[in-house]
Amino acid sequence: MSKTQVTSTGSARGSRGSRGKERRRRIFTALHDCIIRSGYGRTTLADVAQSAGMTPSHLLYYFRGKEDILEQYFAMVAARFLGHIEAFRREAPEQQIRSLADLWFRGETSNRREIGFMLECFGVAVHNDVLQATKADFDQRCKRHLRHTFSAAPSEAAARDAAEITFSLMIGLRSAVYFDDDIGLADAHRLFQDTALRLCQR
């Protein structure tokens with residue numbers, strides 16, 4: 001095989017790989033949009049395929065089914081969020097809390113639609129072993145990060161308790177924003193940040 005043929009074949013393979021990644025991205029986006037519009041339970045594989053501009057059989061070339069799409073998408077979103085909070089480790093503890101508050105309550109997914117999507121994922125995770133494992137890993141890694149944030153606490157137990165309280169606030173306040181009209185994202189941001197900073201300063 002000539003050098004030209006090798007290059008040409010390599011480019012073709014790279015192009016196919018790029019097309020596959022783009023189609024998977026379109027499928028993730030389609031599922032996300034369908035869930036926001038109709039909820040996970042009411043969304044069918046045909047709905048996702050139509051939203052992605054594909055046939056159901058074509059979609060099944062990339063994923064085993066609707067659950068597989070959500071499992072992989074949720075894992076990707078969780079990894080992206082964990083990557084952000086791991087980057088905060090270089091900051092002082094108080095700034096880590098401010099950065100986390102901004103990410104969780106002012107970031108790109110901080111709106112009612114995206115919070116609803118998050119709650120749908122958590123609900124499905126109750127009866128889906130893969131999502132449940134991803135969610136459990138996400139929770140544990142967030143709490144480990146928070147224990148590091150509170151490492152100046154008087155004891156390891158105190159740091160663990162502060163991390164547990166802060167994590168509960170993080171999840172609970174986002175849920176409150178979705179269900180309670182009396183609290184908005186600005187209120188949730190303030191309550192989370194002020195409470196976590198007080199815990200950090202003990």
Side-chain angles (χ1 to χ4, degrees), residues 32 35-36 39-41 67 70-202:
H32 170 272
I35 289 174
I36 285 178
Y40 180 79
E67 282 196 345
L70 184 61
E71 288 162 5
Q72 293 191 42
Y73 183 57
F74 185 67
M76 183 179 69
V77 171
R80 186 183 306 147
F81 182 82
L82 289 165
H84 284 304
I85 68 168
E86 286 299 321
F88 299 157
R89 280 179 175 266
R90 296 188 293 271
E91 301 171 347
E94 290 83 359
Q95 185 54 47
Q96 287 185 47
I97 288 166
R98 292 187 182 94
S99 295
L100 183 58
D102 289 348
L103 176 66
W104 198 240
F105 297 104
R106 289 180 178 167
E108 61 184 28
T109 61
S110 298
N111 58 65
R112 199 169 188 279
R113 285 162 45 100
E114 295 301 331
I115 293 170
F117 177 79
M118 176 196 79
L119 293 171
E120 286 268 1
C121 291
F122 290 176
V124 177
V126 172
H127 297 292
N128 179 299
D129 291 342
V130 174
L131 284 174
Q132 194 173 111
T134 302
K135 173 68 166 63
D137 178 66
F138 173 81
D139 292 0
Q140 291 304 315
R141 289 175 65 183
C142 278
K143 290 174 189 179
R144 276 202 301 273
H145 166 77
L146 288 166
R147 284 198 295 273
H148 175 267
T149 302
F150 295 113
S151 58
S155 67
E156 186 177 330
R160 187 178 61 246
D161 289 350
E164 194 69 49
I165 291 166
T166 303
F167 182 77
S168 297
L169 277 172
M170 190 175 90
I171 300 297
L173 284 169
R174 265 178 73 106
S175 299
V177 167
Y178 189 82
F179 291 108
D180 187 347
D181 291 336
D182 290 334
I183 182 169
L185 279 161
D187 301 312
H189 182 280
R190 174 182 54 79
L191 287 167
F192 174 83
Q193 182 171 278
D194 290 355
T195 303
L197 284 172
R198 282 198 294 273
L199 288 168
C200 193
Q201 289 158 5
R202 284 183 178 180

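Sequential numbering from 1 along the given sequence is applied to the chain's residues.
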When you measure from the side chain of [X] to the backbone of [Y], do you find a donor-acceptor pair of N or O atoms at a distance under 3.5 Å?
| X | Y | answer |
| --- | --- | --- |
| Arg174 | Trp104 | yes |
| Thr149 | Pro93 | no |
| Arg147 | Arg160 | no |

Hey, can you tell me if Phe117 and Tyr73 have their rings parallel, tilted or perpendicular (30° and 60° cut-offs)?
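Geometry flag for Tyr73 against Phe117: perpendicular rings.
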Geometric class of the Phe105/His189 ring pair [parallel <30°, tilted 30-60°, perpendicular >60°]:
perpendicular
By ring-ring contact (aromatic ring centres under 6.0 Å, His included) - contacts of His145 (at least two apart)
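Scan of His145 (ring-ring contact (aromatic ring centres under 6.0 Å, His included), adjacent residues dropped) gives none.
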Hydrogens and angles aside, do Glu114 and His32 bring a side-chain donor and acceptor to less than 3.5 Å of each other?
yes
Side chains of Ser99 and Gln95: do they bring a donor and an acceptor to under 3.5 Å?
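Side chains of Ser99 and Gln95: pair found under 3.5 Å.
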Verdict with reasoning, Phe81 to Ile85, per side chain to side chain contact (heavy atoms under 4.5 Å, CB included)
CA-CA 7 Å; Phe81 182 82; Ile85 68 168; 3.7 Å; yes
Pi-cation contact, Phe122 with Lys135 (under 6.0 Å, within 45°)
yes
Please evaluate residues His148 and Glu86 with respect to the criterion side-chain hydrogen bond (donor to acceptor under 3.5 Å, both in side chains), reporting the C-alpha separation (whole Å), side-chain torsions for both, the decisive distance (0.1 Å), and the verdict.
CA-CA 10 Å; His148 175 267; Glu86 286 299 321; over 6 Å; no
Provide the closest heavy-atom pair for Glu67 versus Tyr40 in the form atom of the first, atom of the second, distance.
CG-OH, 3.1 Å
Answer yes when Lys143 and Asp139 have at least one side-chain N-carboxylate O distance shorter than 4.0 Å, and no when they do not.
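Result for this pair is no, no salt bridge flagged.
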